[in-house]
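The structure under discussion appears below in the form of structure tokens.
Keep in mind that the numbers below use all heavy atoms, side chains included, and drop hydrogens, waters and symmetry copies. As the structure is a prediction and not an experimental result, all values here were calculated from the model.
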Amino acid sequence: QVQMVESGGGLVQAGESLKLSCTASGFPFGIIRYNMGWFRQAPGKEREGVSCITYTSDTTYYSDSVKGRFTISRDNAKNTLYLQMNSLKPDDTAMYYCAAGLFVNNTRCQITSNYMGQGTQVTVSS
């Protein structure tokens, strides 16, 4: 059974940093064959694709709202996806979810499977 567990969320002040991790299990060959990414949803807002990365790490996507502040990375040997978030803003407050099985290019990241974790809360105070 596939499981994806996010961690690293918390309450920080504006300008501070957090690093999210997502550890996956249950994929027959690990995450090495899956494009992966981070999505977020704030109360009353639609889910937003934040950042995504291909399984080879040769292509990444960032939403305009996080470009230059967030960095996505992955360690296929550890079946883990990361999101380094710097210069956090109150608008970054949301539940952050990791997902696998995505369409990814430089301009778009689209969920194409139902592999998604339960989320980790990020709250940024002003």
Any side-chain donor near an acceptor of the partner, Tyr96 and Arg40, under 3.5 Å: yes
same_hphob_cluster(Met85, Val12) at 4.5 Å side-chain heavy-atom cutoff: yes
Rounded distance [0.5 Å steps], SG in Cys98 versus CE in Met4: 3.5 Å
Joint hydrophobic cluster, Leu20 plus Val124, side-chain heavy atoms closer than 4.5 Å: yes
Cluster check Phe39, Tyr61: I/L/V/M/F/W/Y, side chain < 4.5 angstrom: yes
Short side-chain donor-acceptor distance under 3.5 Å, Arg74 and Thr54: no
Minimal non-hydrogen separation, Glu48 against Ser65, with atom names: OE2-OG, 3.2 Å
Distance-minimising heavy-atom pair for Gly117 and Tyr97: O-CD2, 3.4 Å
Ser125 side-chain N/O to Leu11 backbone N/O, donor-acceptor pair under 3.5 Å: no
Closest heavy-atom pair and its distance - Leu83, Ser51: CD1-CB, 4.0 Å
Modelled atom types, side-chain donor and acceptor of Ser126 and Gln13, under 3.5 Å: no
CZ on Phe103 to SG on Cys109, rounded to 0.5 Å: 9.5 Å
Identified side chain to side chain contact (heavy atoms under 4.5 Å, CB included) partner of Ile53 from the options Val104, Thr59, Leu81: Leu81
Parallel, tilted or perpendicular: rings of Tyr115 and Tyr34 (30°, 60°): perpendicular
Asp92 and Lys89 ion-paired at < 4.0 Å: no
Ser17 and Asn86 side chains, donor-acceptor separation under 3.5 Å: yes
Donor-acceptor contact below 3.5 Å, side chain Asn76 vs main chain Asn79: no
hydrophobic_cluster_shared for Val66 and Ile72, side chain cutoff 4.5 Å: yes
Heavy-atom donor-acceptor pair, Thr93 side chain to Thr123 backbone, under 3.5 Å: no
For the student: nearest non-hydrogen atoms of Leu102 and Asn35, plus distance: O-ND2, 2.9 Å
Joint hydrophobic cluster, Met95 plus Ile111, side-chain heavy atoms closer than 4.5 Å: yes
Residue pair Glu6 / Gln118: nearest heavy atoms and the distance that separates them: OE1-N, 3.2 Å
Nearest heavy-atom neighbours spanning Leu18 and Leu88: N-CD1, 3.8 Å
